[in-house]
Amino acid sequence: MPVTALDGRVVWRRRTPLAQWAIWCGWFALGVLFVLSWQVMNKNTIWLFVEDAPRQAADLLSRAWPPRWSYLDSLWVPLWDTLNIATLGTALGIVLATPIAFLAARNTTPSVAILRPVALLIIVATRSINSLIWALLLVAIIGPGLLAGIIAIALRSIGFIGKLLYEAIEEIDEAQVEAVRATGASRWQIMDYAVWPQIAPAFAGISVFRWDINIRESTILGLVGAGGIGLQLQSSLARLAWAEVTVIFIVILATVVISEWVSAKVRAAII
Amino acid sequence: MSTPAASTRWTRPPLIGNPWLRWGLYLGVALYLIAAVSTLDVNWLRVLDGLSNGWRVLEGFFAPDFTTRSRDIWQGMEESLTMTVTSTVVGCLISIPIGLGAARNVAPLPVYAVCRSIIAVSRAFQEIIIAILFVAMFGFGPFAGFLTLSFATIGFMAKLLAEDIEDIQEAQAEAIRATGASWWQVVNYGIQPQVMPRLIGLSLYRLDINFRESAVIGIVGAGGIGATLNTAMSRYDYDTAGAILIMIIAVVLVAEYASSHLRKWVQ
Amino acid sequence: MARSRLASPGQDMLRVSSLSKRYKGGEDALRGVTFDVPAGQVVALIGPSGSGKSTLIRCINRLVTPTKGRVELDDTDITRLGGRGLRRARRLMGMIFQEYALVERLTVMENVLSGRLGYVPFWRSFFRRFPQSDVDKAFALLERVGLSEHVGKRASDLSGGQRQRVGIARALEQDPALLLVDEPTASLDPKTARQIMRLVCEVCRERDLPAIISMHDVPLAKMFADRIIGLRAGEIVFDGPPAELDKAVLTEIYGEEDWTQIHPEHEVRPEESAEDRHAHEERMAGLR
């Protein structure tokens, strides 16, 4: 009741006093939370280093520029490896995610009580762990190299593709499914004729989108030993060879921009 | 097509009409796959060897050890959570003016160009790469992580906010402008009510993302639970690593659940 | 097209006895519905929205499982079938839908051929390698419904009337013994609606095919059907030839106050033709 009578005059406020108070309290609580977090976070921060940062940055820049372009020659093979990690990882992720998405979608799952929760759990677990952490684990298990990177990318992609795909499956038009079922089609024929045609564009779009993200992610997997251009970055960082790091950053940036362009083009062609 | 003959063949129309393009594409894909797989260079002996390791990691996951290194875990968690909160708040606050500046329908061209380039720079680089730079400048620890996440938040939020502002119903802003309102009044009355619910929703979503990222940037020294995890892995302490992974998944689940509920409640 | 499977004329093809359906929410959609349909008879099913027309049609081919009662097609009890047996029964019943329900992203030909899914093994349908006889039949049917020029088009590129023609071709591709038609004209303009109804009735006469057509448009039903069944709240309240469907019966089906109270002027306008009046009443009934 934002309109009240006060001393015989009608007073208008945007909210009732109570609502206004609740909103102010909410903002105040957020402010307190922020200040507390800030203090806890910075209890070990050495402010001398922070004050020193502009000088450090200038120093860094002077060492990083000009880029050592000759280093470019030793980056082509790692770049090829990076592309392979992203592409093969995405492909493996798609292969693994598709059946899981069908098990997770309410309208296609064969068992709502058991298989659906299991599929959802797989989707959530693989999605909440970043591919770099997956790579860390996999390097410890199967040793450093491209394979660890590919599997890390694939595992992370399961959750992402699985989630978007099962949502797309749940959104299909049931009338088309009903019509195909009415012809006497079997379960697999219904999948092929009524479900698949409806989700195919979403499927392609999601895959290309994830490939684009995976290109970005695969550039840094080498930091934990999972192959690709990140390995080179790791060794240059260890040697404090900042002029080489600049070259690597430029190459990564170019790769990311190109892959984003390709993915945008492909998605526009599909839809 | 005229009247079909007694027997007209029918085949499914191919996805790509032009046969040259179609077969060229198939050939290209096949060649790429051959080239990619042949340069994989996997040491299968090492992989086989590692499977017993894998078993130990799995064991660590199912019998996690929260106690032995509870101090490290707690500190990592504390850093990650505080980093998440502070960077989300700061990042969102900064992204509001930048988002306004990057919306073509409210900002003049020079401001627009500057804001759009800030967004482009922030989005182009991975969090990890930015973290490496900030660690080099500000030293190890969660402060560098906070800066990293704030920077990444700005790019994410400002871009989506700018798109939202560009998508508003122009008529509403027009009507406010017609009353003789100033630029700030137009933003306050004509634009803010239209984008506010989504802005809050996006902030909550970003809070979620920032926690996930805070678990990663520790690997390059920017503090948080990722640093603890990295240490545990390099000590082959898989039980502690399992405990940390479980905690990450649990916090992400809680954050995702809570933020989706809050978002529904706000909208 | 002579078909040995068909029962001799006059014999009942479909026998529905005391069919009931109760949904999970607790409401009764059908209550003890009983009727027979002999070969070659076109039955129109009329009734207000929510009277159970759609449920009745879906109970016959078991897209909805009835709670009680029997549905017999050629002496097979469909309510007892499951798995393969049910699919075999379904392929004998061609169904035409209100919103066409074509698979929008498949071509016209694939949509028509999907009528054969109950007959061919999975690998044939997966690789789109249908027996040539099926393909010939599909071409002939597309010719019959006047769409031979659109074979390779996507269903989503067709107009409403054209889509419904594809829907008819798909149902006939099944070599059905019975047509189930669920409000075929509800999404179409009046002229196209008539053309579609005429087409459905013609193909039924050509093949001596019985059909159950649920519809909203009472004049159209009277024009085309051999027999009309009126449903109200899940029960049959009228079953007879179109000529017997007078105002009293319509009141019985669609309820009293719909026209007597909202349109008291109705009685004092004798110049209005019967068809217009029914159309009007029908529109009013739709407002409920």
Side-chain angles (χ1 to χ4, degrees), chain A residues 30-31 33-34 36-42 44-50 52-54 56-57 60 77 80-81 83-84 87-88 91 124-125 127-133 136-147 150 216-217 219-220 223-224 230 233 237 242 245 249 252-253 256-257, chain B residues 32-33 35-37 39-43 46-51 53-54 56-57 78-79 81-86 89-90 124-126 128-129 132-134 136-143 145-146 212-213 215-216 219-220 223 226 229-230 233-234 236 238 241 245 248-249 251-253 256:
Chain A
L30 185 64
L33 181 68
F34 173 75
L36 281 180
S37 298
W38 180 264
Q39 281 170 346
V40 171
M41 180 182 86
N42 286 321
N44 294 326
T45 304
I46 301 165
W47 292 103
L48 207 65
F49 282 179
V50 176
D52 196 32
Q56 291 290 333
L60 205 65
V77 173
W80 166 251
D81 285 345
L83 286 178
N84 290 343
T87 310
L88 296 179
V124 163
R127 217 162 64 84
S128 43
I129 296 181
N130 196 293
S131 54
L132 196 63
I133 297 181
L136 195 67
L137 285 175
L138 285 160
V139 167
I141 297 173
I142 58 174
L146 290 184
L147 191 64
I150 290 170
R216 272 163 202 265
E217 303 215 325
T219 56
I220 48 150
L223 288 175
V224 296
L233 180 62
L237 281 174
W242 289 98
V245 172
F249 280 0
I252 290 179
L253 192 64
V256 166
V257 169
Chain B
Y32 168 76
L33 279 180
V37 172
T39 53
L40 259 187
D41 190 23
V42 177
N43 183 350
R46 173 66 184 82
V47 172
L48 266 182
D49 215 32
L51 289 181
N53 263 344
R56 279 180 53 210
V57 173
E78 196 182 79
E79 282 180 6
L81 289 172
T82 53
M83 209 152 67
T84 308
V85 171
T86 51
V89 170
V90 171
F125 285 104
Q126 275 273 327
I128 290 284
I129 289 176
I132 290 171
L133 291 176
F134 278 135
M137 286 188 237
F138 293 85
F140 290 97
F143 190 75
F146 155 74
R212 276 177 227 213
E213 293 297 332
V216 176
I219 293 176
V220 293
L229 180 66
N230 202 12
M233 289 300 296
S234 54
Y236 303 106
Y238 296 130
L245 286 179
I248 293 176
I249 295 179
V251 174
V252 168
L253 270 185
E256 200 164 277

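Side-chain atoms are counted along with the backbone in the values below, which use heavy atoms only and exclude waters and symmetry mates.
- Minimum heavy-atom separation, A/I133 to B/A215: CD1-O, 3.6 Å.
- Of the atoms belonging to B/A241, not a single heavy atom falls under 4.5 Å from chain A.
- Only one option out of A/L233, A/N130, A/T219, A/L132 pairs with B/I128 in a side-chain contact (heavy atoms from CB on, under 4.5 Å); it is A/L132.
- Among the candidates B/V89, B/L81, B/I248, the residue making the largest number of heavy-atom pairs closer than 4.5 Å to chain A is B/V89.
- In this structure, the portion of B/Y238 lying under 4.5 Å from any heavy atom of chain A is its side chain and not its backbone.
- In terms of heavy-atom proximity, A/A140 sits nearest to B/M233 at CB-CE, 3.4 Å.
- Ranking A/L33, A/V257, A/L146, A/V245 against chain B, the residue ahead of the rest is A/L146, based on heavy-atom pairs under 4.5 Å.
- Only the side chain of B/L33 comes within contact range of chain A, with at least one heavy atom under 4.5 Å from a heavy atom of that chain.
- At a 4.5 Å heavy-atom cutoff, B/V251 makes no contact with chain A through either its backbone or its side chain.
- Heavy-atom distances place the side chain of A/I252, and not its backbone, under 4.5 Å from chain B.
- Shown here for A/W38 and B/T86, the closest heavy-atom pair between the two residues is N-CG2, 3.6 Å.
- With sequence neighbours excluded, the residues that form a side chain to side chain donor-acceptor pair (under 3.5 Å) with A/Q56 are A/D52.
- Heavy-atom distances place both the backbone and the side chain of B/I249 under 4.5 Å from chain A.
- The distance from atom CG of A/L137 to atom CG of B/L229, rounded to the nearest 0.5 Å, is 6.5 Å.
- Side-chain contact check for A/F249 versus B/L133: some heavy-atom pair is nearer than 4.5 Å.
- Partners of B/E79 by salt bridge (charged side-chain N to carboxylate O under 4.0 Å, His left out), not counting sequence neighbours: none found.
- Closest approach of A/M41 and B/M83 over heavy atoms only: SD-CA, 3.8 Å.
- For chain B, no part of A/Q39 is nearby; none of its heavy atoms comes within less than 4.5 Å.
- Counting heavy-atom pairs closer than 4.5 Å to chain A, the top residue among B/E213, B/R212, B/Q126 is B/Q126.
- Among A/V256, A/V40, A/L138, the residue with the largest count of heavy-atom pairs under 4.5 Å with chain B is A/V40.
- A/T87 places a side-chain heavy atom less than 4.5 Å from the side chain of B/Y32.
- Using a 4.5 Å cut-off between heavy atoms, A/L237 touches chain B through its side chain atoms alone.
- Contact detail for B/L245 and A/I129: the closest heavy-atom pair is CD2-CD1, 4.0 Å.
- For the atom pair CG of A/L223 and CD1 of B/I132, the computed distance is 5.0 Å after rounding to the nearest 0.5 Å.
- Heavy-atom distances place the side chain of A/V224, and not its backbone, under 4.5 Å from chain B.
- Looking at A/L253, the atoms closer than 4.5 Å to chain B (heavy atoms on both sides) all sit in the side chain, from C-beta outward.
- With rounding to the nearest 0.5 Å, the separation of CG in B/L253 from CZ in A/R127 is 9.0 Å.
- Summarising the geometry of B/A36 relative to A/N84, their closest heavy-atom pair is CB-OD1, 3.4 Å, with the distance given to 0.1 Å.
- Taking a 6.0 Å sphere around CZ of B/F140, one finds it holds 12 or fewer heavy atoms contributed by other residues, nucleotides or ligands.
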